There are 4 protein chains.
Amino acid sequence: MASKAREEKERQILDGAITVFARSGYHKSSIAAIAREAGLAAGTIYLYFRQKEDLIIALFQRYLGDYLDEYEPRIHAEVDPAVRIRNLIRYHLAFFETDHDLAKVFQIHLREVSPLIREGITPVLVRYFDVIDHILQDARARGELDPELDLRLARKVLFGALDEIVTSWARAEHRYSLLAQVDPLYRILSRALGLKGEAECATG
Amino acid sequence: MASKAREEKERQILDGAITVFARSGYHKSSIAAIAREAGLAAGTIYLYFRQKEDLIIALFQRYLGDYLDEYEPRIHAEVDPAVRIRNLIRYHLAFFETDHDLAKVFQIHLREVSPLIREGITPVLVRYFDVIDHILQDARARGELDPELDLRLARKVLFGALDEIVTSWARAEHRYSLLAQVDPLYRILSRALGLKGEAECATG
Amino acid sequence: MASKAREEKERQILDGAITVFARSGYHKSSIAAIAREAGLAAGTIYLYFRQKEDLIIALFQRYLGDYLDEYEPRIHAEVDPAVRIRNLIRYHLAFFETDHDLAKVFQIHLREVSPLIREGITPVLVRYFDVIDHILQDARARGELDPELDLRLARKVLFGALDEIVTSWARAEHRYSLLAQVDPLYRILSRALGLKGEAECATG
Amino acid sequence: MASKAREEKERQILDGAITVFARSGYHKSSIAAIAREAGLAAGTIYLYFRQKEDLIIALFQRYLGDYLDEYEPRIHAEVDPAVRIRNLIRYHLAFFETDHDLAKVFQIHLREVSPLIREGITPVLVRYFDVIDHILQDARARGELDPELDLRLARKVLFGALDEIVTSWARAEHRYSLLAQVDPLYRILSRALGLKGEAECATG
DNA sequence: TATGAATGAGCCTTCATTCAT
DNA sequence: GATGAATGAAGGCTCATTCAT
């Protein structure tokens with residue numbers, strides 16, 4: 001299929017973009033620099049992406065989308081809400097720990113962004129929120145949650161905590177292990193939700 | 001000493017900047033637009049701030065700094081850790097609820113930002129983190145906290161949750177009450193920390 | 001010798017060019033768009049024309065050249081100067097009425113043009129001017145013209161009038177008949193030249 | 001008035017533009033080159049004109065507009081249709097003879113042009129057409145014209161003839177006198193219109 | 001102090017042209 | 001011959017910053 005090669009090249013460009021964005025931030029990164037990083041001419045980028053803004057949208061859709069494609073089924077494969085939440089935490093942290101540049105781009109450089117970009121990003125983010133919401137609703141249905149819990153608020157706490165932890169890790173000069181935080185974080189958050197069960201704290 | 005008049009004018013400029021940043025974001029806001037909003041000529045801004053980036057640093061230092069000047073003593077005036085944490089939450093949400101434009105700027109437009117800006121912002125942010133850390137350490141010293149709690153992690157959860165809640169409120173088209181979330185959020189977070197005491201849930 | 005097939009393909013490209021030029025003008029028309037219109041790949045065009053500018057030169061040479069090849073003999077076949085001039089007018093207007101896109105390209109989009117293009121166009125145009133000049137000289141030799149008439153000026157008036165009439169027709173939203181203007185125009189122009197004879201105003 | 005200085009500078013830029021356009025044509029002239037010619041920085045041009053296209057529109061509006069402001073009353077001050085037409089011719093040729101660069105820009109480089117530019121140019125051109133139409137209508141009302149003459153067609157012949165004469169003069173390497181053509185041209189055109197009276201062929 | 005005209009570096013984007021397949 | 005991916009030069013335009021008034 002012709003689009004194999006195309007997808008290949010798109011990935012090559014996006015990888016260049018991650019590197020350059022991580023180094024200089026979105027607004028200070030020129031298309032020329034990204035092209036150089038990707039080993040291409042500047043004009044070539046425009047054969048694959050219509051505008052600079054599309055790069056960052058594609059980045060988000062591609063990387064977070066792929067993540068969700070892979071992990072959403074895995075999370076739902078579990079039934080125990082506690083394990084699900086622990087896995088949510090673990091996968092989230094593991095995802096970013098793999099690629100520090102990507103973490104910087106997602107956590108730092110993707111934040112102030114034009115409405116157009118926002119529009120491109122929102123659907124994928126919403127998909128992630130939906131995963132969390134689903135976990136929480138299911139947990140409540142099974143009676144494993146504090147019945148008074150405001151689920152939307154709970155999701156914001158969950159996501160906000162994860163987000164902040166990854167952000168401060170991405171900003172830190174010194175690289176420490178994100179995954180080491182899975183268990184302590186799980187303990188805090190399961191308590192926050194009033195989770196009854198307890199996930200085994202060995203890897204799931 | 002910076003004269004009264006000077007500080008007055010700086011505030012006038014910063015207020016213009018908040019309005020314009022909130023409307024268009026930092027990178028799409030021109031000095032000319034800020035000057036127009038502030039009722040000044042573009043050149044005048046440079047009599048008060050050396051660069052565009054200084055505006056955003058000053059914004060942060062001024063507004064968050066003032067906030068801390070006022071609330072840090074208030075928080076420490078309390079002794080009960082539970083009340084302190086509830087107040088932390090309440091003040092935080094109240095602060096942003098007062099000024100939606102400021103919330104947009106702080107939560108959205110201040111996020112992708114050059115290292116220089118980061119450098120200017122960090123000290124104030126650290127000061128806020130210190131307030132939280134201090135509350136937590138004190139709570140632990142009083143034996144009111146889960147003794148196994150990783151305090152730094154706890155602080156990130158706390159801050160991350162607050163941050164996410166304000167961010168999603170700032171982004172929302174529809175304006176809802178932030179303060180209405182104080183109590184449910186407090187319940188979640190106090191449980192997260194393993195707080196023994198319970199704050200009265202009437203306003204403090 | 002340029003093969004039949006080659007000429008065929010050149011014509012195919014030029015037809016695409018006319019369509020695209022008529023729609024967007026020369027400078028806003030990309031080779032890619034012309035190729036698309038002609039059902040070819042962009043690169044293919046360069047097998048037939050060395051540069052974009054050559055397209056417009058070829059257009060002119062081909063279409064105006066063919067016109068002259070056909071009509072020059074027809075005009076000279078006539079002997080009566082009055083009929084000749086009437087035919088000149090009629091053929092000119094008929095030529096453009098046939099193809100509105102071509103008219104737009106010739107009358108509008110071919111006008112601001114690089115020296116190189118000018119150089120390519122001039123010979124064909126001169127050939128047309130020569131036809132007119134020849135008619136006028138012959139008419140004078142036959143004593144049918146105002147003897148004081150400056151023939152070069154007369155030619156400019158003739159051509160200028162025709163050109164303006166076609167141009168305003170090409171620009172007009174509403175399509176009206178050009179040929180309907182042959183007779184009234186002939187009356188004006190024959191008077192302008194001081195033509196003695198009178199052409200029959202039925203079709204020649 | 002502050003706009004004195006502004007108008008001064010606009011004129012300075014437009015003069016630079018005429019020079020550069022005349023030399024290289026509109027599409028091959030860069031803003032940078034125009035700025036250089038005008039002794040300004042490139043950015044400065046954008047303080048006076050929003051886009052490159054506005055330069056050419058302003059050129060047209062300014063120069064042809066000023067011409068009409070001056071000559072429309074002068075033409076109408078005359079009553080004899082023959083004199084009016086002779087003056088029309090004389091003023092037209094005199095206008096361009098004064099400024100060969102302007103003639104090149106108007107006659108050559110202003111012809112293929114975006115719809116936007118066309119839109120800006122049309123009103124002024126229409127104003128000129130109206131002047132001619134008015135002369136012709138008035139002449140007819142006075143019974144000085146061939147009663148069968150199609151006035152719109154006559155106007156096109158008049159304008160087309162003048163336009164072609166100036167165009168070929170503007171293109172010519174060798175500079176000859178345009179004004180020397182006033183009388184012979186008047187003779188041709190007054191005959192074309194079937195004008196009864198005759199204008200004195202000394203200057204009016 | 002205040003102004004706002006002027007500067008000019010910088011960057012996205014287009015597109016004619018080339019060339020390996 | 002035909003393709004269309006790749007190139008890279010070129011240029012319009014923005015805007016932070018300066019400075020003469």
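Note that the coordinates shown come from a computational prediction; the quantities given were computed from them, not determined experimentally. Per chain, numbering begins at 1; letters A, B, ... match sequence-line order. Note: hydrogens, waters and symmetry copies are ignored here, and every other heavy atom, side chains too, is used.
In a base pair of the Watson-Crick type (N1 to N3 plus N6-O4 or O6-N4) or a G-U wobble (N1-O2 and O6-N3), with each distance short of 3.5 Å, F:dC13 is matched with E:dG10. Under the Watson-Crick and G-U wobble criteria, each requiring two contacts below 3.5 Å, nucleotide E:dA20 is paired to F:dT3.
Nucleotide F:dT14 holds its C1' atom 12 Å from the NZ atom of B:K28, rounded to whole Å. A:Y46 has its OH atom 17 Å from the C1' atom of F:dA5, to the nearest Å. Rounded to an integer number of Å, the gap from CG of B:L47 to C1' of F:dA20 is 14 Å. One can place NE2 of A:H27 at 12 Å from P of F:dC15, the figure rounded to the nearest angstrom. Rounded to whole Å, atom P of F:dC13 lies 14 Å from atom CD1 of D:I13. Atom CD of A:E10 is separated from atom C1' of F:dA5 by 14 Å (rounded to the nearest Å). F:dG11 atom P lies 10 Å from atom CZ of D:R36, rounded to whole Å. Computed from coordinates, the C:I117 CD1 to E:dA16 C1' distance equals 13 Å when rounded to whole Å.
D:S30 comes within 4.0 angstrom of sugar-phosphate atoms only, judged by non-hydrogen atoms across all strands, and of no base. At a threshold of 4.0 angstrom between heavy atoms, the contacts of C:K9 are confined to the sugar-phosphate backbone, with no base atom among them. Backbone-only engagement by B:Y48 is indicated by non-hydrogen atom pairs under 4.0 Å involving sugar-phosphate atoms exclusively.
Mapped onto DNA chain E by nearest heavy atom, C:I31 and A:Q51 fall at different nucleotides, with A:Q51 at the one closer to the 5' end. Both C:G39 and B:G43 lie near DNA chain F, and the one whose nearest nucleotide falls closer to the 5' end is C:G39. Nearest-nucleotide positions on DNA chain F for A:L40 and D:S29 put A:L40 closer to the 5' end.
In summary, of the residues considered (C:L55, C:V105, C:T122, C:L110), a side chain to side chain contact (heavy atoms under 4.5 Å, CB included) with C:F60 occurs for C:L110 alone.
Taking the six-membered ring where the residue is Trp, C:F96 and C:F106 present perpendicular rings, their angle passing 60° and hence far from 30°.
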Test salt bridge (Lys or Arg N to Asp or Glu O under 4.0 Å) on D:E8 and D:K4 and set out the steps. CA-CA 6 Å; D:E8 186 79 20; D:K4 255 292 148 48; over 6 Å; no

Take D:E7 and D:R62 through the side chain to side chain contact (heavy atoms under 4.5 Å, CB included) test and state the conclusion after the steps. CA-CA 11 Å; D:E7 210 159 316; D:R62 204 70 64 97; 4.0 Å; yes

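For the pair C:R11 and C:Y63, the cation-pi criterion (under 6.0 Å, within 45° of the ring axis) is fulfilled.
Of all nucleotides listed (E:dT7, F:dG4, E:dT17), F:dG4 comes nearest to the side chain of C:A41.
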